Structure formats: C-alpha cells, structure tokens
S.K.: 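I have a structure here, written as structure tokens, and I will follow up with some questions on it.
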Amino acid sequence: PISYLLCWPVPIAPVAWPQPAAGEYAGAFAVNERLAGLHLLPLGEDRGPEHVLAHDGWLYAAVESGAVVRFKPDGSTREVVVRTGGRPLGLAFTPAGALLLADPMAGDHGGLWRWTPGTPGALELLTDRVAGTPIAYADAVVVDRKSTRLNSSHLVISYAVFCLKK
C-alpha cells in the first residue's frame, strides 16, 4: 500500500466493477424438495460420518472416533462393528462380504485394512505400503473385480484401489 503512494501519480485510473446479478439455478441445480422427507439417524456420541455405505440391509458409517457403526435404515438398530484405533475414511465390501477400510491413522502410519463379519473386533492390516513406499494418506478404497493392480490417483499414494482376482 505505501509503495503505491510513493509512485503517485500513476497512469492507471481505478474504476468500480459492477457485479452482474446472480442467475437462477436451473437443471440439476434447480431448487427442489427431493430431500424434504429425509431424517437423520442418531450417531450417539460419535461425530461426522466420513463415508456411508449400504450393504445387506444395513448402513455402515465410518465415524471420527475410529469406529465403523452400522444402522438399520429406519434407525431402529445401531451398533459398532469394529474400531480401528484411527480414523476410517473409506469403506467397501468384497464379494465375499469382508469390509475393506482405508484408514490413514490406524497402526504405525495408516493403511488398508480388512474386517470380516462374524469375527468381532478382528481387524487385519492388508497393506501399508505399495512397492515399498508407505501409503501417505489412505482415504478411499474401491473394489475392482476386473484387474489385479493396485492403483493410485495422486502423486503420493493416497487413493488405493483393491483389485481382486476372479
């Protein structure tokens, strides 16, 4: 600001910019009432589901406490299925019914984990490295049944795709 005054006068004359009026929302962005009947499911003491997944008549949610909780869609039942000790950010079920979790804070430095229903609390680290490089921030997991690669979409490996052999 002071340098502007030191260079005074300047050959540029500032003018006000008239902001155009905002347009109406249209198409996919039009105002609607589609979510008017939505009801919130109680999280109890937990906060912030990062990822919500529907599977076999249940809604699974990864919450801030490091737990994965599941609900009946009507909210009648809520239970913790597994605790990671970290902060699960991504969930996906395998065809065999195991739950895969991306958690950047569980274990030594995060990674990709598996929990198998029917084995309460049994959490297995599948990998925390790719080609010897630590997974920097595991934040999502997707099951791909067509390939056998582990893919990343970032410069640091943070989005992993679990690929299962048929």
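Worth saying up front: this structure is predicted, and the values here are computed from it rather than measured.
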S.K.: Under 4.5 Å between side-chain heavy atoms, counting indirect links through other Ile/Leu/Val/Met/Phe/Trp/Tyr residues: same cluster for V52 and L41 or not?
M.R.: no
S.K.: Any donor and acceptor pair, going by atom type alone, linking the side chain of R87 with main-chain N or O of V63 inside 3.5 Å?
M.R.: yes
S.K.: Between W115 and V68, is any pair of side-chain heavy atoms under 4.5 Å apart?
M.R.: no
S.K.: Using 0.5 Å steps for rounding, measure from the OH atom of Y60 to the CG atom of L53.
M.R.: 8.5 Å
S.K.: Roughly how far, to the nearest 0.5 Å, is the OG1 atom of T127 from the CD1 atom of I135?
M.R.: 5.0 Å
S.K.: Look at the side chain of T116 and the backbone N and O of A98, then say whether any donor-acceptor pair between them is shorter than 3.5 Å.
M.R.: no
S.K.: For the residue pair A62 and P88, what are the closest heavy atoms and their distance?
M.R.: CB-O, 3.3 Å
S.K.: Any link between V69 and W58 through a network of hydrophobic side chains (Ile, Leu, Val, Met, Phe, Trp, Tyr) touching at under 4.5 Å?
M.R.: no
S.K.: So, for G44 and R78, which heavy atoms are closest and what is the spacing to 0.1 Å?
M.R.: N-NE, 4.3 Å
S.K.: Is the closest side-chain heavy-atom distance between W17 and P20 below 4.5 Å?
M.R.: yes
S.K.: Measure across G107 and W113 and return the closest heavy-atom pair with its distance rounded to 0.1 Å.
M.R.: N-CZ2, 3.9 Å
S.K.: Checking L100 against T94 for the side chain to side chain contact (heavy atoms under 4.5 Å, CB included) test, could you report, in this order, the C-alpha distance in whole Å, the side-chain angles of both residues, the deciding distance, and whether it holds?
M.R.: CA-CA 7 Å; L100 303 179; T94 68; 3.7 Å; yes
S.K.: Report yes or no: do L91 and L43 belong to one cluster of Ile/Leu/Val/Met/Phe/Trp/Tyr joined by side chain heavy-atom distances under 4.5 Å?
M.R.: no
S.K.: Would you name the heavy atoms of H109 and P134 that are closest together and state the gap between them?
M.R.: CE1-CB, 3.5 Å
S.K.: I need the D103 CG to D139 CG distance, nearest 0.5 Å.
M.R.: 11.0 Å
S.K.: Looking at CG of L125 and CG of L101, how far apart are the two atoms once the value is rounded to the nearest 0.5 Å?
M.R.: 11.0 Å
S.K.: Taking atom CG as the centre, does D108 end up with more than 12 heavy-atom neighbours from other residues, nucleotides or ligands that are less than 6.0 angstrom away?
M.R.: no
S.K.: Determine whether L59 and V82 fall in the same hydrophobic cluster, where Ile, Leu, Val, Met, Phe, Trp and Tyr are linked whenever their side-chain heavy atoms lie under 4.5 Å apart.
M.R.: no
S.K.: Enter the distance from E64:CD to E45:CD here, rounded to the nearest 0.5 Å.
M.R.: 12.0 Å
S.K.: Of all the heavy-atom pairs spanning D46 and S65, show the shortest one and how long it is.
M.R.: OD1-OG, 2.7 Å
S.K.: Near L38 CG, under 6.0 Å, is it more than 12 heavy atoms from other residues, nucleotides or ligands?
M.R.: yes
S.K.: State, to 0.1 Å, how close G97 and P117 come at their nearest heavy-atom pair, and which atoms those are.
M.R.: O-CD, 3.1 Å
